[in-house]
Amino acid sequence: MTRRTLRPGRALAWVAMAVFVVVTVFPFWWMIRTALTPAADIYTDNAGLLPEHPTLINFTRVLGLTTEAEARAAGGSGAHINFAGYLWNSVVYCSLIAAVQTLFCAMAGYAFARLRFPGRDLVFGIVIAALMVPPIFTLLPNFIFVKDLGLMSTMAGMVAPTVLMTPFAVFFLRQFFLSLPRDVEEAAILDGNGPWGIFWRIALPMSRGPLITIGLTTTVWAWKDYLWPLLVGRDEENRLVTVALGVFLQQSPNTQPDWTGLMAASTLSVLPVLVLLIFMGKRLVQSLNFTGSK
Amino acid sequence: MSATKPRDDRRAAWWFLAPVLVGFAVFYGYPAARGVWYSVTDYNMLTTASYVGTENYAKLFADAKFWNSMLVTAWYVVLNIGSQTLLALGVASLMHRLTRSVVLRATLLLPWLVPNVTIGLLWMWLLDTNLGFVNQLLHTFGLGPVGFFTDETWAMPTVAGINTWAYTGYTALLLYAGMLQIPQYLYEGAAIDGAGEWRMFRGITLPLLRPVLALVLVVSMIGSFQIFDTIAVTTKGGPVSATQVIYYFIYQQAFKYFHMGYAAAAAICLALILGVLTAIQMRMLRASRSDLA
């Protein structure tokens, strides 16, 4: 295409795009700005783009780095709060689910795509049918089951339903393995490799892209998880960031929530995914081409 | 190579499949069967369940609160999917005709990466009746204050608007990916014929995007029917029951009143709706694949 001069229509389109970007980003700016504002200033200092007396006290108090008296003086409710611990729980939760689920689903996807055994298509069909079952339906019985197993308030109970598999990951990875060229694998068979050898030495290294894609998507979803961890992981020592944010809001007085503290905690819950976006942004954006039109 | 006898990997295959099959049986198959069983019992987590036939369903269909929650959910889906799809279509076409920037695309994706709980909190603060940024802005124009979460008519549009804000970028990127598959020469040819941007959008983009658009629509509807997090954080179903969506209804029946059987019956009704939508989605997927081949 030839280089065009900026026509009025095109300029207008850029303006519309810019407005959309500002609307997308501004709430995050306001969140960080509030987190950096002293609680005492919240009534007077709420017009400028930057706080008048910037402070890190809201971060240190929600991270549990101050004494309770200091936290209360800075606007806290006095309830114990430790987002450092909750962040760590969330990181453990997400890494466990993303790593283990991706590996197991890759194994199954490979078996469904490449290995020959009786009943293969039937078993695959049954697993895929689970895509039609909405999470709420299995949530109630799973809750009772995990409770009966005595796994309430444990990391094991929290990751249990998703750590082994999700039907989507199996489906997605099988589709990918089907598209891998067969000749490399057939050469490996002639070299005397069994299915395990081929899977580990040939198929897995060739699927780095899709494995990272499904791993990243799983991480993001696990980071956002709320209802299941809310039911199973209420206790302080296993609380995830999302659950902790909800508890923090409830502890905060209804008449005047601890907004500066809440925004500091919210900022902390965004930070890890922001880092992910900065380092893996390209990969994430490309993954949408994959998962969107599957 | 084809001379070798057909391989049979059955021994290896079951090892490959073991973890996934265990996960499937224990956390999908077994609970699904249990869910169906609970829906015909009076199970309440304290006493043992006894069979009550279709009583739960009969009660459910006579329960005004259940129907209200269905209606409220439908209202939410209309508001959310309508605004989100239109906006996303607009943003995607702008992007498609303006730029390929990865930085821009990553920026638009940001709200999608953030937990709904955070998004709920963030907007509770921005929309706070007294101190919130939006009401201050309205104030400078001599408007408001608006009780976005506390006013019965405003609560649901507010929640829908928040989720539209959170998911428009993501939806736009899905549509944009679809637009990239439209051959560029169609636009070049149309430009030579003197077609304007609007005519190209109506004549080329929209018709060729239709399969992707339909798929995105169904997928976002499935998500939209399952709204929970935002409501659990912001309105808790209120004011009165203006935002009492079906997910929240089921959640309360199960974990507030411990009517497990009743909640399971309601969950089955929702599952049926979502099952139909998912079946449509699968059919579309198959259709779009054969188109590409």
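Keep in mind that the numbers below use all heavy atoms, side chains included, and drop hydrogens, waters and symmetry copies. Each chain gets a letter, A, B and so on, in the order the sequences are listed, and its residues count up from 1.
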* To do: Quick one: which of B/G35, B/S39, B/A25 has the most heavy-atom pairs under 4.5 Å with chain A, could you say?
  => B/G35
* **Ring geometry between A/F26 and B/F133 (parallel below 30°, tilted from 30 to 60°, perpendicular above 60°)** => tilted
* To do: Select one option (side chain, backbone, both, neither) describing which atoms of A/V163 are under 4.5 Å from chain B's heavy atoms.
  => neither
* B/L110 portion near chain A, given a 4.5 angstrom heavy-atom threshold -> both
* Within a reach of under 6.0 Å around NZ of A/K282, are more than 12 heavy atoms found that belong to other residues, nucleotides or ligands? -> no
* **Part of A/L103 lying under 4.5 Å from any heavy atom of chain B** => neither
* To do: Determine the interplanar angle of the B/F27 and A/F145 rings, folded into 0 to 90°, and report it as parallel if under 30°, tilted if 30 to 60°, perpendicular if over 60°.
  => perpendicular
* Structure fact -> Applying a strict 4.5 Å limit to non-hydrogen atoms, the region of A/I128 in contact with chain B is both
* Using a 4.5 Å cut-off on heavy atoms from C-beta on, say whether the side chain of A/L249 contacts that of B/M124. => yes
* **Non-hydrogen side-chain atoms of B/L17 and A/F112 separated by less than 4.5 Å** => yes
* Please look at B/Y187 and chain A and tell me whether the side chain, the backbone, both or neither of the residue comes under 4.5 angstrom of a heavy atom of that chain. => neither
* **B/W123 portion near chain A, given a 4.5 angstrom heavy-atom threshold** => side chain
* **B/V20 to A/A108 - nearest heavy-atom pair and separation** => CG2-CB, 3.6 Å
* **Atom group of A/W196 that falls short of 4.5 Å from chain B, counting heavy atoms** => both
* To do: Any chance you could measure A/F137, atom CZ, to B/L272, atom CG, to the nearest 0.5 Å?
  => 8.5 Å
* Asked: Do B/Y251 and A/L231 touch side chain to side chain, with heavy atoms closer than 4.5 Å?
  -> yes
* **Interchain contact, B/W125 with chain A, by part (heavy-atom threshold 4.5 Å)** => both
* To do: Find the distance between CD1 (A/I136) and CG (B/L274) and round it off to the nearest 0.5 Å.
  => 10.0 Å
* Inter-residue atom distance B/M260.CE - A/L140.CG, 0.5 Å rounding -> 5.5 Å
* **Contact class of B/I250 relative to chain A, heavy atoms under 4.5 angstrom** => side chain
* What part of A/V127 is in contact with chain B, defined as an atom under 4.5 angstrom from a non-hydrogen atom: side chain, backbone, both or neither? -> both
* Output, in order, the C-alpha distance, side-chain angles, deciding distance and verdict of side-chain contact (heavy atoms from CB on, under 4.5 Å) for B/D229 and A/K224. => CA-CA 10 Å; B/D229 302 358; A/K224 294 161 70 159; 5.9 Å; no
* Heavy-atom proximity to chain A below 4.5 Å, by part of B/L126 -> side chain
* To do: With a 4.5 Å cut-off on heavy-atom pairs, point out which of B/P31, B/G23, B/A18 contacts chain A the most.
  => B/P31
* Which bit of B/N130 is near chain A, if near means a heavy-atom gap under 4.5 Å: side chain, backbone, both or neither? -> neither
* To do: Check whether B/W14 gets within reach of chain A through its side chain, its backbone, both or neither, counting any heavy atom under 4.5 Å.
  => side chain
* Smallest separation among heavy atoms of B/V26 and A/N142, with atom names -> O-OD1, 4.1 Å
* Would you mind checking which part of B/Y28 comes under 4.5 Å of any heavy atom in chain A, side chain (CB onward), backbone (N, CA, C, O), both or neither? => both
* Asked: Taking every heavy-atom pair that is under 4.5 Å apart, which of A/G119, A/P118, A/P272 has the most such pairs with chain B?
  -> A/P118
* Structure fact -> When the 4.5 angstrom heavy-atom criterion is applied to B/V36 and chain A, the contacting part is both
* Please examine the side chains of A/L284 and B/L113, heavy atoms only from C-beta on, and report whether any two atoms are closer than 4.5 Å. => yes
* Asked: Side chain, backbone, both or neither: which part of A/P135 has a heavy atom under 4.5 Å from chain B?
  -> both
* To do: Under 4.5 Å heavy-atom distance to chain B, tell me which part of A/T166 shows up: side chain, backbone, both or neither.
  => both
* Structure fact -> Taking every heavy atom of B/A13 against every heavy atom of A/F117, the minimum-distance pair comes out as CB-CD2, 3.3 Å
* Asked: So how far is it from B/L121 CG to A/M31 CE, rounded to the nearest 0.5 Å?
  -> 10.5 Å
* **Side chain, backbone, both or neither of A/W223 within contact of chain B (heavy atoms, under 4.5 Å)** => both
* **Heavy-atom side-chain contact between B/V114 and A/F28 under 4.5 Å** => yes
* Sort out for me which of B/V233, B/L131, B/T99, B/I222 touches chain A most, counting heavy-atom pairs under 4.5 Å. => B/L131
* Atom group of B/Y38 that falls short of 4.5 Å from chain A, counting heavy atoms -> side chain
* Dump the intermediate steps for side-chain contact (heavy atoms from CB on, under 4.5 Å) on A/L227 and B/Y247, then the final yes or no. => CA-CA 11 Å; A/L227 181 50; B/Y247 236 74; 4.0 Å; yes
* **Proximal component of A/A265, with respect to chain B [non-hydrogen, under 4.5 Å]** => neither
* Which pair of non-hydrogen atoms, one from B/P115 and one from A/T242, has the smallest distance, and what is that distance? -> CB-CG2, 3.5 Å
* Asked: Is chain A contacted by the side chain of B/Y176, its backbone, both, or neither, given a heavy-atom distance below 4.5 Å?
  -> neither
* Asked: Within a strict 4.5 Å, meaning less than it, do heavy atoms of the B/T168 and A/F20 side chains meet?
  -> yes
* Measure distances from B/I119 to the heavy atoms of chain A and classify the residue's part below 4.5 Å as side chain, backbone, both or neither. => neither
* Please say which of A/L268, A/V273, A/L245 ends up in a side-chain contact (heavy atoms from CB on, under 4.5 Å) with B/T118. => A/L245
* Structure fact -> Under 4.5 Å to a heavy atom of chain B? For A/F199 that would be side chain
* CG/B/L122 to OG1/A/T267 distance, rounded to the nearest 0.5 angstrom? -> 8.5 Å
* Asked: A/Q250 versus chain B, heavy atoms under 4.5 Å apart: side chain, backbone, both or neither?
  -> side chain
* Asked: Is it the side chain or the backbone of B/A279 that comes within 4.5 Å of chain A heavy atoms, both, or neither?
  -> both
What pairs of donor and acceptor atoms, side-chain ones from residues 263-270 of chain B against any protein atom, are under 3.5 angstrom apart with sequence neighbours left out?
none

* To do: Verify whether the ring centers belonging to A/W228 and B/F255 lie closer than 6.0 Å.
  => no
* Structure fact -> Sequence neighbours excluded, the answer for salt bridge (charged side-chain N to carboxylate O under 4.0 Å, His left out) partners of A/D148 is B/R34
* **A/L115 vs B/F16 side-chain heavy atoms within contact, under 4.5 Å** => yes
* Checking heavy atoms, do the side chain of A/M263, its backbone, both or neither come under 4.5 Å from chain B? -> side chain
* Would B/F24 and A/V170 satisfy side-chain contact (heavy atoms from CB on, under 4.5 Å), going step by step from the backbone distance to the final call? -> CA-CA 11 Å; B/F24 177 79; A/V170 175; over 6 Å; no
* Asked: A/I278 versus chain B, heavy atoms under 4.5 Å apart: side chain, backbone, both or neither?
  -> neither
* To do: Write down the atom of A/T138, the atom of B/A32, and the distance for their closest heavy-atom approach.
  => CG2-N, 4.2 Å
